[in-house]
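Okay, so here's the structure we're looking at.
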Amino acid sequence: MNSTKFFFFTSLLLIFLVILPSSLSVAIDAITPNQPLRDGNVLLSTTKIFALGFFSPGNSHNRFVGVWYNKIRIQTIVWTANRDNPIIPISGAGLLAVHGEHGGLVIYGKDQNNPLWSANVTVSSPNNYVIAKLLDTGNLVLLENYGSSQRVLWQGFDYPSDTVLPVMKIGLNRRSGLNTVLKSWKSHDDPRSGNFLHEIDPTGFPQVIMYNGRTKWFRAGPWTGKGLSGLPEIASNSYRSFVNNKDETYMMYTVPNGSVFTRGVVDESGTFQRFVWRDQENKWIEVSSNPSEWCDYHGQCGPNSNCDPYSNYNFSCLCLPGFEPKFPRDWSLRVGWGGCLRKSGVARVKVPDTSGARVNMSLSLKGCEQECRKNCSCTAYTSADEGDGGKGCVTWYGDLIDARTFSNVGQDLYVRVDAAALGRQRKNMCFMEDRIDLDDQSNINSELPFFDRTTIVAATGNFSVANKLGKGGFGSVYKGVLHNGKEVAVKRLSKHSGQGIEEFKNEVVIIAKLQHKNLVKIIGCCVEDEEKMLIYEYVPNKSLDSFFFGTSSYFFLF
Ligand SMILES: *[C@@H]1O[C@H](CO)[C@@H](O)[C@H](O)[C@H]1NC(C)=O
Ligand SMILES: *[C@@H]1O[C@H](CO)[C@@H](O)[C@H](O)[C@H]1NC(C)=O
Ligand SMILES: *[C@@H]1O[C@H](CO)[C@@H](O)[C@H](O)[C@H]1NC(C)=O
Ligand SMILES: *[C@@H]1O[C@H](CO)[C@@H](O)[C@H](O)[C@H]1NC(C)=O
Ligand SMILES: *[C@@H]1O[C@H](CO)[C@@H](O)[C@H](O)[C@H]1NC(C)=O
Ligand SMILES: *[C@@H]1O[C@H](CO)[C@@H](O)[C@H](O)[C@H]1NC(C)=O
Ligand SMILES: *[C@@H]1O[C@H](CO)[C@@H](O)[C@H](O)[C@H]1NC(C)=O
């Protein structure tokens, strides 16, 4: 009898527990002075893409107000209001309310007189009707109606947490002084501001930087006109734009179809990850993650170096041309931080740290060179905007920090080399002294590492027939092995090819301009008397064509 009662009671309780959350959860489309949002209820965006409500992350019992995708079952928090002011469970049920007087938008715990969090907005007149709405972009907006018009008093997109969403602007608004940045969570369970800060540093030539505390951690770099210097691959489904004028400096990305769910997150270990939602697989797909390799971490190789992950040596740190390791012992132990000292350009690089650089958008690349030549402290220059054949001018003064090479994308950087240093280096370089007019855009001097003829003869077994890979219009290609075991392909231009020294120089310059991933990297050249040769990296099974139209890893000097 007693046990029947008990059974009845527990079943009732069970039914009640199962039904409770959904039966009491209310979805609203606006928060008004008369309709606050209580913990358990949600505010939905216009077409129900996003939801805003109270949540507890991971194993935490603290409550936060946040925004997530309404239609995705794995709760994915993209924005948090009170990340640094949690509602602790003993403080009672949370409430998100709008108020004329008290800061516009506020979150209360138990104490309804002292908000835990406030948007700190001043509303011009308490009589004005203030409402909060969630847009389909995931942006929580506080709107003020006066008369028949409406204005945005405050928006959540100005205060992101760790996530950037399409159409959110990351950067500085000079009129309001507001700098919109991303900050990692402390941990999976704790949305409080963590160590990693992702922002646009507007000083010098603006660049995207991630800090670990106060230390630079990873530089996505400046905008090159096409993308970010340090993030050369762009997810094809998103379009990034960059605006830099007297009022604001910001970056924003958009997706062609608003229904594509995509987000960028700075995680608690300092990685910037981009995700796209895949409906078929019902999960988030990571499309990129940076920093992803050793060279990505800021300043690994110290000043005046280039971090080249494709380096043929054991160590990715290489001194810029004309520089030598400051601490050769460290260098040999593969410790790069000491960097390089001037003994005295580099192609396809992430350009060096631009916080001390100067920019002048009205100069051409040629004007840029003159600008740099005028000032003895100028150490390097490049185009500010690579789009449209190159516009604008960025100049560096002093040490060049944190440059890195990419395999087949990146910017051309022109490094100043003093004549004496060049004199010492000249005999090791295949140095193109004459200026060649290229597309009427720029005159460049080009140089490649020089191989002497004896080396090439030794490598190819004196151009033995056994090593001959093939023959083309301009001559024959041989396989060779250098002293250090590196395999190369040598294109030996036939003396009767009709290609004179001029054509040869032109070819070298054209090769330098060609950038295609299917082409073979050129690593050097050899000019001795009548003999002209180009030395390429040997790629097994590569069609012979590649050796006749190779691309390069290349140094420009001026
Ligand atoms: C609102 O102002 C208070 C006091 O100045 C500050 O502690 C708090 O961080 C501000 N809130 C927001 C969301 O900026
Ligand atoms: C955008 O996506 C929706 C849903 O996947 C689809 O129905 C629509 O045709 C797409 N629009 C465009 C312009 O691609
Ligand atoms: C490169 O590194 C490997 C393993 O660390 C070592 O055995 C080898 O001797 C190194 N080669 C050079 C040229 O330093
Ligand atoms: C940019 O260069 C132009 C042309 O040389 C010059 O007139 C202008 O003063 C320069 N602007 C700055 C900010 O240096
Ligand atoms: C050269 O550039 C440096 C660094 O910007 C500056 O301090 C110096 O005044 C410039 N010198 C001349 C002669 O313009
Ligand atoms: C290479 O071959 C040429 C002609 O076939 C010959 O004259 C020359 O002595 C050879 N050189 C070496 C280093 O074997
Ligand atoms: C080159 O081709 C051979 C034979 O077709 C194959 O065994 C080898 O794995 C290939 N090597 C590369 C690097 O693709």
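Residue numbers count from 1 along this sequence. Ligands are counted one by one from 1 in listed order, and the atoms in each one are counted from 1 as well.
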### Query
Does atom 7 (O) of ligand 5 have any protein heavy atom closer than 4.0 Å?
no

### Message
What protein heavy atom lies closest to atom 13 (C) of ligand 6? Include the residue and the distance to one decimal.
### Response
Val457 CG1, 4.0 Å

### Any N/O pair Arg358/ligand 5 closer than 3.5 Å
yes

### Task
Could you tell me the residue and atom name of the protein heavy atom closest to atom 12 (C) of ligand 5, and the distance to it rounded to 0.1 Å?
Asn375 ND2, 3.4 Å

### Message
Only heavy atoms of Ser362, strictly under 4.0 Å: list the atoms of ligand 4 that pass.
### Response
1 (C), 2 (O), 3 (C)

### Message
Give me the residue, atom name and distance of the protein heavy atom closest to atom 11 (N) of ligand 6.
### Response
Asn462 ND2, 2.8 Å

### Task
Take Tyr538 and Leu469 through the test side-chain contact (heavy atoms from CB on, under 4.5 Å) and record every step on the way to the result.
CA-CA 11 Å; Tyr538 177 72; Leu469 294 170; 3.9 Å; yes

### Query
Nearest protein heavy atom to atom 9 (O) of ligand 4, by residue and atom, and its distance?
Asn360 ND2, 4.8 Å

### Message
Is any side-chain heavy atom of Tyr297 closer than 4.5 Å to one of Phe218?
### Response
no

#### Entry: Per-atom contact, atom 1 (C) of ligand 5, protein heavy atoms, under 4.0 angstrom
yes

### Task
Report the nearest protein non-hydrogen atom to atom 5 (O) of ligand 4: residue, atom name, distance rounded to 0.1 Å.
Leu363 CD2, 3.5 Å

### Message
Just so I know, are the side chains of Arg274 and Thr262 near enough to count as touching, which here means a heavy-atom distance under 4.5 Å?
### Response
no

### Task
Using the six-membered ring of Phe205, assess whether NZ or CZ of Arg358 lies under 6.0 Å from its centre and within 45 degrees of the ring axis.
no

### Task
Classify the ring geometry between Tyr478 and Phe463 as parallel (under 30°), tilted (30 to 60°) or perpendicular (over 60°).
perpendicular

### Within 6.0 angstrom of Trp294 CH2, more than 12 heavy atoms from elsewhere
yes

### Message
Applying ring-ring contact (aromatic ring centres under 6.0 Å, His included) to Trp154 and Tyr159, what does each step give before you reach the verdict?
### Response
CA-CA 10 Å; Trp154 181 92; Tyr159 307 91; 5.7 Å; yes

